[in-house]
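Just so it is clear: chains get the letters A, B, ... in the order the sequence lines come, proteins before strands, and each one is counted from 1.
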2 protein chains.
Amino acid sequence: MRRFLTDRARRAVAASLRGATRAAAPSPAPAPAAALSRPSPSAMAAYMARAMSTSAAGTPPVSLDTINPKVLEFKYAVRGEIVTHAQNLEQELHKNPESLPFDEILYCNIGNPHSLGQQPVTFFREVLSLCDHPALLDKSETHALYSSDAIERAWQILEKIPGRATGAYSHSQGVKGLRDEIAAGIAARDGFHASGDNIFLTDGASPAVHIMMQLLIRSEKDGILCPLPQYPLYSASIALHGGSFVPYFLDEETGWGLEVDELKKQVDEARSKGITVRALVVINPGNPTGQVLAEENQKKIVEFCKNEGLVLLADEVYQENIYVEDKQFHSFKKIARSMGYTDDDLPLVSFQSVSKGYYGECGKRGGYMEVTGFNADVREQIYKVASVNLCSNISGQILTSLIMNPPKVGDESYESFMVERDGIISSLARRAKALEEAFNSLEGITCNKAEGAMYLFPRLHLPQKAIGAAQAAGAAPDAYYALRLLQATGIVVVPGSGFGQAPGTYHFRCTILPQEDKIPAIISRFKEFHEKFMDEFRDVSRDEAPTGTTIESGGD
Amino acid sequence: MRRFLTDRARRAVAASLRGATRAAAPSPAPAPAAALSRPSPSAMAAYMARAMSTSAAGTPPVSLDTINPKVLEFKYAVRGEIVTHAQNLEQELHKNPESLPFDEILYCNIGNPHSLGQQPVTFFREVLSLCDHPALLDKSETHALYSSDAIERAWQILEKIPGRATGAYSHSQGVKGLRDEIAAGIAARDGFHASGDNIFLTDGASPAVHIMMQLLIRSEKDGILCPLPQYPLYSASIALHGGSFVPYFLDEETGWGLEVDELKKQVDEARSKGITVRALVVINPGNPTGQVLAEENQKKIVEFCKNEGLVLLADEVYQENIYVEDKQFHSFKKIARSMGYTDDDLPLVSFQSVSKGYYGECGKRGGYMEVTGFNADVREQIYKVASVNLCSNISGQILTSLIMNPPKVGDESYESFMVERDGIISSLARRAKALEEAFNSLEGITCNKAEGAMYLFPRLHLPQKAIGAAQAAGAAPDAYYALRLLQATGIVVVPGSGFGQAPGTYHFRCTILPQEDKIPAIISRFKEFHEKFMDEFRDVSRDEAPTGTTIESGGD
């Protein structure tokens, strides 16, 4: 029986990867017009896989040969091929529930808590609901449905919005009164002054990152230092804006440590190739790696940016997702100010989002960037770029002000709010621990502690035979593993190759977001799959290989 | 007294334009490193004006010399200098209400109806409010506050959203069920099939335009045909993506007619310069020009795109803003399908937004593009670009589905909805007519009929003396006029130079959006200003100049 399942799984993997296996074959499409517009192998593979569905008519005005090659080249793994495949399986399940060896798809590929059943924070939603329909505020019946402090807060927010018009474009940076409230929240968090004039409200953190890349990147000679592994928004945005991705490696051995020596080495190397390094991206807490930086480490990073003349782009969207007692979040601005650096010393941008934290309001598309240390004339240019989309959505702006100024002691909603908030955070911590322990209990998997964020990034020590099978199927070994996992269990994870990893190492990213009552079943499904996978591919010479390291040599 | 006011206005204009007058002076900043990164004169002017506030410390990591020159070069007049000046005046008014000759700033620069007092459509806001706080749907008290069909619709919408999770990221194109509903609305509007698979939900129309520009533009050798006058989103987006803006002139004499001969001429000219023309942008109803294209004209445009191998980018965001009985909106897709063209014949993108129409919900940032006629592999690349920002905001997605499927006969809200809807549209039509008549009654102004959209684009036949005064102040003549208008009346309009206009002609764009009870006062303030302006600058040789044309010759 197991043999049968394994064969079926193999055939399915082969079918799914057919495009990739054909990648090296010559294209039947018209020859690319120029080297610049030549599709990448993976894009070509996708093209081939879909060739049957394209029009057979003459040369179309737009084809893969004639679109922007930057678009063709970039990748975005968290919504990549494996997710598309999962969506197809989901449709299959819907049509024929008995057709697959599982009854639901579990999307652990993306930090999207509400999609897995996390409930919204009541107070936040009450305020949004009232602001969406301000006529409610004049009706006495409203008090039967909404808490009094939500009503009070909705009034306060409407007073901050010119004409109380939640349906109007705001200032391109966002509603001034909401920005001031956010700045007050930052100041309370850090103990240092913050100004609403420095806040740019955005539709989530991603558009803010794009604005900064658009500003800083002039050509492929401009480089942005990014961690590896990294959240692929950065590589995608750098590619789309035509810059150079300058990687620095996080050290898995020291819990994904960020060493300034490594930064220096990579900057020097990039410079020796004629790259002007413009900025350093730091993701803290880490994505996909989950580590929380220590204060001393952050000081060295600030010092490094100051000395090297780099903009510090601090992705701090997981600032409220800390799961261990010995670590604490410190914003880079707080660190820089505590070192005595002022606005004149260091250009620093902090990104924050309503999509993460305990609230996890991904669908609201709210967030901000706090922009400090830029000359006024450059600030003006950032403003201009923000202006082209007029403003971010007002509900997202309101929600951003709420997460930076949640209910306080004495407010009617405070106690129930704290129950909801602490319930979510403590449950996330328990889930992280349970998954981490489960991964570490398995042969061929090692997993660092999830100190923060929403992910685990376990390392796969794959048998050579599995690597060979992946190669035969034309896939990266971790992509092969993730696809097999999906096909056996319905669990969707993202292969480590989508985030970048040290050569010869393999990982996957798995969110900690399935609801707590589902975790035991997920662990047991995962375990069953993994053990079978290892049985299928275990190297004959396994006893000779050192445990806990990549099994690269030896073969079947 | 008039002399005094005039002098004061002159001084204020001069002060406000100081940066511009210095534009030609050499820069005290470090010499630009390369021609590519040299700031434009206007950016340099802005720099000079703000030099006092910048840091005096050594070379900063980021300066105007080292940012992306594409960012530096592009302009976005609807949120440009005149608006910044208006915001400053507003703050001045706030501090000292007696300091200026008016008591409020009237923002007629941007199509932002709610900011000028337009009320949201009740049914739409009820549904949004319920979807923001779905817990309300389980409570009996909710029926006292919301109409029954809004409750019913909220249930229907939640059923379309996986897990009813309005706080989750959706599919990158938007919630499938909402896209299907939008497609049904398009099919009902056009009488031709539409598919939810072709809908990409976006945070307003602007991000959708950027996605298409990002896809189509490879280098400055790729050109996009755009009308002149145009909405500056297009020129800004083309500049940011490094392409060439290929203008075609609308003919003011024939009510801003769009002639295919002119398109052909411009395409040929661009091609003779080595430009590959990729797409044609048509804005219908027109922005800033307000014309509604005739069906026959649209057919010729479709034919032209088909013959020339161009993508047709149809900005149809004003499709519900038609104010004359003899004109009707036809989508370009309907036109193409009625000509027998299928999905295989013509790549066509239609942009729609919740910001316009009778709803005017700018702050919600909702909209879609309907993408047809692209091969599946190219579609996949559009999907990938859309994925980088994960998804558009869910409230905006919901609202987009509502505007494409408003209450129907028999629904509880239908009658009150129609009263609100028709009230807004008929009032907009009256306002357009009143302003148009007022402009046409004035010496030196001619104004075409506002058939649709939200703007008038009157032509200024400025006396030579006024043009000279503007030149002396270092400003474009229409910018000078607009600034003087602002300083005298508080009315904010956008100079025609921000949209592009035929050489030697001057215009301004003025929205028709101030509430109806304010229109008479606005007209009288405008009239008073304009007459004084003409008195101040009237050419001595005026009697010799032909009336109704630009007075270019003759002098003081």
Could you please spell out the steps behind the side chain to side chain contact (heavy atoms under 4.5 Å, CB included) verdict for B:Leu390 and A:Ile110?
-> CA-CA 10 Å; B:Leu390 296 163; A:Ile110 191 166; 3.6 Å; yes
Which pair of heavy atoms, one from B:Lys364 and one from A:Ser395, lies closest together, and at what distance?
-> NZ-OG, 3.6 Å
Do you know the tightest heavy-atom contact between A:Asn112 and B:Gly167?
-> OD1-O, 4.5 Å
Where does B:Tyr146 contact chain A at under 4.5 Å (heavy atoms): side chain, backbone, both or neither?
-> side chain
Do A:His241 and B:Asn68 come close enough that some side-chain heavy atom pair is under 4.5 Å?
-> no
Residue A:Pro134 versus chain B: region with a heavy atom under 4.5 Å = side chain
What distance do A:Ser63 atom OG and B:Phe374 atom CZ have between them, rounded to the nearest 0.5 Å?
-> 11.5 Å
Is the backbone of A:Arg218 close enough, under 3.5 Å, to the side chain of B:Lys70 for a donor and an acceptor to pair up by distance?
-> no
Which is it for B:Gln214 and A:Val71 under the side chain to side chain contact (heavy atoms under 4.5 Å, CB included) test, yes or no, and what are the steps along the way?
-> CA-CA 7 Å; B:Gln214 193 146 44; A:Val71 167; 3.9 Å; yes
Under 4.5 Å heavy-atom distance to chain A, tell me which part of B:Gln118 shows up: side chain, backbone, both or neither.
-> neither
Assert top hit (heavy-atom pairs under 4.5 Å, partner chain B, pool A:Asp222, A:Val388, A:Leu399) equals A:Val388
Taking atom types as modelled and ignoring hydrogens, do the side chains of A:Arg278 and B:Thr66 form a donor-acceptor contact shorter than 3.5 angstrom?
-> yes
Interchain contact, B:Pro207 with chain A, by part (heavy-atom threshold 4.5 Å) | both
Nearest heavy-atom contact between A:Cys362 and B:Ala168 is CB-C, 4.2 Å
Kindly determine whether A:Leu145 and B:Lys139 satisfy side chain to side chain contact (heavy atoms under 4.5 Å, CB included), including the steps that lead there.
-> CA-CA 8 Å; A:Leu145 282 173; B:Lys139 298 186 181 175; 3.6 Å; yes
Given a strict heavy-atom distance threshold of 4.5 Å, which part of A:Ser172 is in contact with chain B: side chain, backbone, both, or neither?
-> both
Heavy-atom proximity to chain B below 4.5 Å, by part of A:Leu240 = both
Highest number of heavy-atom pairs under 4.5 Å with chain A among B:Val311, B:Leu216, B:Thr142 belongs to B:Thr142
Is it the side chain or the backbone of A:Ser392 that comes within 4.5 Å of chain B heavy atoms, both, or neither?
-> backbone
Among B:Arg379, B:Glu126, B:Gln119, the residue with the most heavy-atom pairs under 4.5 Å to chain A is B:Glu126
What is the distance from atom OG of A:Ser387 to atom CG of B:Leu233, rounded to the nearest 0.5 Å?
-> 12.0 Å
For chain B, find which of A:Val354, A:Leu136, A:Leu310, A:Leu116 contributes the most heavy-atom pairs closer than 4.5 angstrom.
-> A:Leu136
Contacting moiety of A:Leu128, where chain B heavy atoms sit under 4.5 Å = both
Audit row: A:His133, B:Asp132, side-chain hydrogen bond (donor to acceptor under 3.5 Å, both in side chains) steps and yes/no = CA-CA 10 Å; A:His133 192 31; B:Asp132 261 346; over 6 Å; no
Interchain contact, A:His171 with chain B, by part (heavy-atom threshold 4.5 Å) | both
Given the options B:Leu72, B:Val62, B:Leu64, A:Asp377 meets side chain to side chain contact (heavy atoms under 4.5 Å, CB included) only with B:Leu64
Chain B contact via A:Asn389 - side chain, backbone, both or neither, heavy atoms under 4.5 Å | both
Closest approach of B:Pro61 to A:Gly309 (non-hydrogen atoms, all atoms of both residues) = CB-O, 3.3 Å
By a 4.5 Å heavy-atom criterion (distance strictly below it), what part of A:Cys131 contacts chain B: side chain, backbone, both, or neither?
-> backbone
Pick whichever of B:Ile394, B:Leu215, B:Asp203 has the most heavy-atom pairs under 4.5 Å with chain A.
-> B:Leu215
Would you check if A:Gln381 and B:Ile67 make a side-chain contact, meaning some heavy-atom pair closer than 4.5 Å?
-> yes
Under 3.5 Å, is there a donor-acceptor pair between the B:Ser129 and A:Ser129 side chains?
-> yes
Check against side chain to side chain contact (heavy atoms under 4.5 Å, CB included), B:Tyr169 and A:Arg365 = CA-CA 9 Å; B:Tyr169 294 128; A:Arg365 312 310 292 123; 3.5 Å; yes
Donor-acceptor side-chain pairing of B:Arg125 and A:Thr166 below 3.5 angstrom = yes
